[in-house]
A.B. asks: 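Below is a structure I'd like to ask you about.
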Amino acid sequence: MRYNFNQIEKKWQEYWAKNQTFKAENNSDKPKYYVLDMFPYPSGAGLHVGHPLGYIASDIYARFKRHKGFNVLHPQGYDSFGLPAEQYAIQTGQHPAVTTEANINRYREQLDQIGFSFDWSREVRTSEPDYYKWTQWIFIQLFESWYDHNSERARPISELEEIFAAEGNSGVNAACDDDVEQFSSSQWNSFSSEEKQKQLLKYRLTYLAESEVNWCHQLGTVLANDEIVNGVSERGGYPVIRKKMTQWSMRISAYSERLLQGLNTIDWTESLKESQRNWIGKSVGASVRFKVKGIRINDKDAWIPVFTTRPDTIYGVTFMTLAPEHELVEKITTAEHKDEVEAYVEATAKRSERERMADVKTISGVFTGAYAEHPFTKEPVPIWIGDYVLAGYGTGAVMAVPCGDQRDYEFAKHFDLPIRNIFQDVDISEEAYSGKEGTVIANSDFLDGLEYKAALQKAILELEKIGQGKGKTNYRLRDAVFSRQRYWGEPFPVYYVNGLPQMIEKEHLPLRLPEVEKYLPTETGEPPLGNATDWAWDKEKNEVVENSKIDHKTVYPLELNTMPGWAGSSWYLFRYMDPHNEEQFASEKALQYWENVDLYIGGSEHATGHLLYSRFWTKFLTDRGFLTVEEPFKKLINQGMILGTSAFVYRLEGENKFVSKKMSEAHNVQAIHADVSMVNASDELDIEAFKKWRPEFADAEFITENGQYIVGREVEKMSKSKYNVVNPDDICEDYGADTLRMYEMFLGPLEQAKPWNTAGITGVHNFLKKLWNLYHDHDNNFEVSDGKASVDSLKTLHKTIKKVTEDIENFSFNTSVSTFMICVNELSVQKCNFREVLEPLVVLIAPYAPHIAEELWQKLGHDSSVTTAAYPVYEEKYLIESTKEYPISFNGKMRFTLELRLDMSKEEIEKTVMAHEKTQQQLNGREPKKVIIVPGKIVNIVG
RNA sequence: GCUCGGAUGGUGGAAUUGGUAGACACGUUGGACUUAAAAUCCAAUGACCAGCAACGGUCGUGCGGGUUCAAGUCCCGCUCCGAGUACCA
């Protein structure tokens, strides 16, 4: 073998590991550059070819930056808490830590094979106590903070206590629960310690609140939407209902405006920013409260608060709709409607939120029998409940204006409720009218004749006068539920005294995850940590002790929930800066040097989850003085998903007989996924392998076409359950990591989703062989000449430098692979073996194919790694052209080309072109109406 | 449903600011080398029409319109596919 990639790659991977080639320094004179991949979850299926796509791209960029003289931080680690390991533990009884460790080792092996330039000395794992110690510490900081809207930042809770003690809470403009009651300083000072704690909990950035969850009674646990299929649990197929539970929440909504504004300061794609903007969902309007007629709760009038973006349409209100789970529903429903309402509420609890949002076709709802009072006309407004109103959305109630909102319109039509037209000269007999600009309000008393904007202002003013509303900005962004009823997550550093949460002090962290017998919820429906026998906190000894010692005097119960997957991943980028620090999550010095991530690469599926939460935590930590940056990720690129090409076999309904693809349409068949490894490139199934694959197929019969069983193909997400996973190991073995790296880039634009297909891999492999041959003679002896390269070769080189540099900067790696191919093809034809050209070429290709580059670099006589070799500089002088092949078009259609000097004037060009024999032939005697000449580009003759 | 993407030969894709559509690869076909095969190299390859050949012609970037001397690219209206949709990570 001339190009012995297996040997070369092994050699250099060992060299890099031994010499710690990619270790980043926290002390350096070089400018810093931080390149990060989104945190991988080490799944049991190992790495498939989709995972490395982004890693290869970021690795190319990291290596490029090293050539450009930067001190590059390019770390890797594992987001190692998570549901799949826990599921596996439930099924097999194996400790999630054991399977996680095994998965990580497998990941590492696979990653090492591909030749990434990670600084492994900085590896972190979220499930390690020395890591989650700091996740717990951040949680405590959030608990010890409140958000001050006057200064727009988080402040220590102790400062809030001082304010309360001095002046009560009336002057405080804080992000807090809706139900805070006003108290004076003297009232505060007279509160018991417990009462004070209860009040403070309403202000803390992490707090306990009732929130809605998907509860599965049979499994005794809360389920992710992901775990629910067609309204029942994926595991077992049990019913799932919406239920309220007390949970830890994160007051991310306090940061809505800053999360929105911050988007303007970062270099992310516009589409991703737009997703976040929509997720945050800022809308400006008014809050309005409607009095419920004849209902008093605790001797006070009952009110329904609503948020509307169109207070100008207040006179169009003809009914109200509450979410079925709205707290008032029970209290206002009249005896007459009780049964109907209860049945509806129960039915709604069975539907998922997503289902309710997606389903706009079925209109349902029931009347409560209660009426609200219109704030101005004082007319009765019937109160309905309907599942199109979501409890967690705004106030969970809407003032329905059927003439102006299509959903309200359809609801009104369906239930025969009145529709009152309040728009001048607008026909609403067919549908609602939601236009704003130019709309004139009518039938609305004091708003009559006013245009939209003026009416809006006037309506808010009048609502304020009667104390039933005010201008308000609303955000769709909801506080994030932070509790999980799981085992395999960070324990909360929390114990309870009289039901009130207390934080464990920093010096006693980490609070380690306890051992449990089984990973399922307890028989009484408590989370898995409820199975632990040693899960109580001794406040005096400051240690975890047996549950039996709980006396509520010095020993207290610990929190049984764990933190969600996004806890550890919201701040990991900072831990990489100083991963072994035992005193701080990272030193000030390291944080100041590395600041934040310069380039972040990962999938767009994180657009509104991880990427919003980590922005939130970063802002919070900065507010509290622990960080100096407002944003975690300066530039972000989304890599597209690599899809799998699934294979299907067709089983005749009710038989163990399979028909080939062609016959499948004529029969009643069931399509079954077959493992893609049993199918060749011509879609032919290896029948013997298939029979052995699963016992149920051992006796299967096959009806073939021309002796072959042909499978059906379909492009789907690459997944273990679809048997379409292709892993990179075989490719590294057969073609080498450099080929894999370049091939994955060659597949297409980084950001685009694309199906995996190894068909073209030989093209890339051949290219590397040709590259190798440039540096070697027929007998594979290294041979590079020190002579003078031809003008053509220098032109080829500099053209390549220019294009490849531009491509890297634009993250257009697929086109740079093509450029390298063209370059090597040209140099091969030119028979160029001059050092002057071949040495810069090695550096140019090193980020893409680092192993072959190192080998050739060494052969060129260098005794250190190519990693920090200076990047070649493009010189324009080699590319100056004096002529251009002009396309000559007639009526926009290119007919022929003509080589012309580039320094010709428009007139000269026209003269030459018109005089040309082919032009006359094309015109065939016609006189052109117009001749368009764009010098250096095109000539178009019209007429 | 809502939000954000995408659609170009047999296949993956290229086309910088509206200026030669299909670069570069794969595949296919033919040829060279070889006893043969593999490997390697050379040539052709969007579809259709015409022709002995040379020179050509028509259509063509998901669909329907529009703007322009010129549209894959810009505008309007659709179709289909993918991602996210708040407890998968």
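In what follows, chains are A, B, ... by sequence order, proteins preceding strands, each numbered from 1. Every value quoted in this text rests on a predicted model; they were computed, and no experiment measured them.
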A.B. asks: OP1 or OP2 of B:U20 versus the side-chain N and O atoms of A:Lys893: is any pair under 4.0 Å?
C.D. replies: no

A.B. asks: Tell me the interatomic distance from A:Gln639, atom CD, to B:C4, atom P, rounded to whole angstroms.
C.D. replies: 22 Å

A.B. asks: Taking only the P atom of each, what is the distance from B:G66 to B:U73 in whole angstrom?
C.D. replies: 14 Å

A.B. asks: B:C2 C1' sits how many Å from A:Arg277 CZ, rounded?
C.D. replies: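 It is 18 Å, rounded to the nearest whole Å.
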
A.B. asks: Which whole-number value in Å describes the distance from A:Asp479 CG to B:C87 C1'?
C.D. replies: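 So the two atoms are 16 Å apart, to the nearest Å.
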
A.B. asks: Does any donor atom in the side chain of A:Asn780 or A:Trp772 lie under 3.5 Å from an acceptor atom in the other side chain?
C.D. replies: yes

A.B. asks: What interatomic distance, in whole Å, is found between C1' of B:A47 and the corresponding atom of B:U35?
C.D. replies: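 About 42 Å, rounded to a whole number of Å.
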
A.B. asks: Say we look at B:C75 and B:A83: how far apart would their P atoms be, to the nearest angstrom?
C.D. replies: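 Their P atoms lie roughly 27 Å apart.
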
A.B. asks: Indicate syn or anti for B:G9, taking the glycosidic torsion and treating anything within 90° of 0 as syn.
C.D. replies: syn

A.B. asks: In whole Å, measure the gap between the C1' atoms of B:C41 and B:C33 for me.
C.D. replies: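 Result for the C1' pair: 8 Å, nearest Å.
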
A.B. asks: Would you tell me if any nitrogen or oxygen in the side chain of A:Asn825 comes within less than 4.0 Å of OP1 or OP2 on B:C24?
C.D. replies: no

A.B. asks: Expressed as a whole number of Å, how far does the P atom of B:C59 sit from that of B:G65?
C.D. replies: 15 Å

A.B. asks: Tell me the interatomic distance from A:Ile938, atom CD1, to B:G19, atom C1', rounded to whole angstroms.
C.D. replies: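 After rounding, the reported distance stands at 4 Å.
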
A.B. asks: Regarding A:Arg895, tell me which of base, sugar-phosphate or nothing describes its non-hydrogen contacts under 4.0 Å with the strands shown.
C.D. replies: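 Answer is sugar-phosphate: A:Arg895 comes under 4.0 Å of backbone atoms only.
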
A.B. asks: Which part of the nucleic acid, if any, lies within contact of A:Glu751, taking any heavy atom under 4.0 Å across all strands shown: a base, the sugar-phosphate backbone alone, or nothing?
C.D. replies: nothing

A.B. asks: Decide whether a cation-pi geometry holds between A:Arg476 and A:Trp279; the criteria are a distance under 6.0 Å from NZ or CZ to the six-membered ring centre and an angle within 45° of the ring axis.
C.D. replies: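 The answer is yes, since A:Arg476 meets both limits relative to A:Trp279.
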
A.B. asks: Would you call the rings of A:Trp617 and A:Phe482 parallel, tilted or perpendicular, taking 30° and 60° as the class edges?
C.D. replies: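 Aromatic pair A:Trp617/A:Phe482 classed tilted.
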
A.B. asks: So, applying ring-ring contact (aromatic ring centres under 6.0 Å, His included) with A:Phe81, which one of A:Trp566, A:Tyr487, A:Tyr132, A:Tyr41 is it?
C.D. replies: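 Going through the options one by one, the only one that passes is A:Tyr132.
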
A.B. asks: Nearest to the side chain of A:Glu885, heavy atoms from C-beta on, is which of B:U85, B:U20, B:A89?
C.D. replies: B:U20

A.B. asks: Output yes when at least one side-chain N/O atom of A:Arg484 is less than 4.0 Å from OP1 or OP2 of B:C87, else no.
C.D. replies: yes

A.B. asks: Between B:A39 and B:C88, how many Å separate the two P atoms, rounded to a whole number?
C.D. replies: 48 Å

A.B. asks: Under 4.0 Å: is that the gap between some side-chain N or O of A:Lys769 and OP1 or OP2 of B:U40?
C.D. replies: yes

A.B. asks: Per the atom types in the model, does the base of B:C87 pair as donor or acceptor with the side chain of A:Gln247 at under 3.5 Å?
C.D. replies: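 In this structure, the two groups form a donor-acceptor pair.
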
A.B. asks: Take atom C1' in B:G46 and the same atom in B:U11, then report the distance between them in whole Å.
C.D. replies: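 The same atom, C1', in both gives a distance of 13 Å.
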
A.B. asks: Parallel, tilted or perpendicular: which one describes the rings of A:Phe746 and A:Tyr743, with boundaries at 30° and 60°?
C.D. replies: tilted

A.B. asks: Parallel under 30°, tilted from 30 to 60°, perpendicular over 60°: which one fits the rings of A:Phe39 and A:Tyr572?
C.D. replies: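 Aromatic pair A:Phe39/A:Tyr572 classed parallel.
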
A.B. asks: Name the closest nucleotide to the A:Leu83 side chain, picking from B:G13, B:A70, B:C88.
C.D. replies: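 That would be B:C88.
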
A.B. asks: Can you tell me, in whole Å, how much space there is between the C1' of B:A7 and that of B:G13?
C.D. replies: 13 Å

A.B. asks: Between A:Asn766 and B:U40, is there a contact of a side-chain N or O with OP1 or OP2 at under 4.0 Å?
C.D. replies: yes

A.B. asks: Looking across every strand, which nucleic acid part, if any, lies under 4.0 Å from A:Asn940 by heavy atom: base, sugar-phosphate, or nothing?
C.D. replies: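 Since a base atom lies under 4.0 Å of A:Asn940, the category is base.
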
A.B. asks: What's the closest nucleotide to the side chain of A:Leu477 if the choices are B:C87, B:A86, B:G19?
C.D. replies: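 Closest nucleotide among those given: B:A86.
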
A.B. asks: Is it true that A:Trp248 and A:Phe139 have ring centroids separated by less than 6.0 Å?
C.D. replies: yes

A.B. asks: Scan A:Val222 against the nucleic acid and name what it touches under 4.0 Å (heavy atoms): base, sugar-phosphate only, or nothing.
C.D. replies: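 Here A:Val222 touches the bases of the nucleic acid.
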
A.B. asks: Counting only side-chain heavy atoms from C-beta out, which of B:C69, B:A89, B:A21 sits nearest to A:Met894?
C.D. replies: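 Given the options B:C69, B:A89, B:A21, the side chain of A:Met894 is closest to B:A21.
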
A.B. asks: From the set B:C24, B:C88, B:G27, return the single nucleotide nearest to any side-chain atom of A:Phe746.
C.D. replies: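 Taking heavy atoms from C-beta onward, the closest nucleotide is B:C24.
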
A.B. asks: To the nearest Å, give me how far apart CD (A:Glu826) and C1' (B:C24) are.
C.D. replies: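 After rounding, the reported distance stands at 12 Å.
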
A.B. asks: Grab the OH-P distance between A:Tyr613 and B:A86 for me, whole Å please.
C.D. replies: 10 Å

A.B. asks: Side-chain N or O of A:Gln752 less than 4.0 angstrom from OP1 or OP2 on B:G13?
C.D. replies: yes

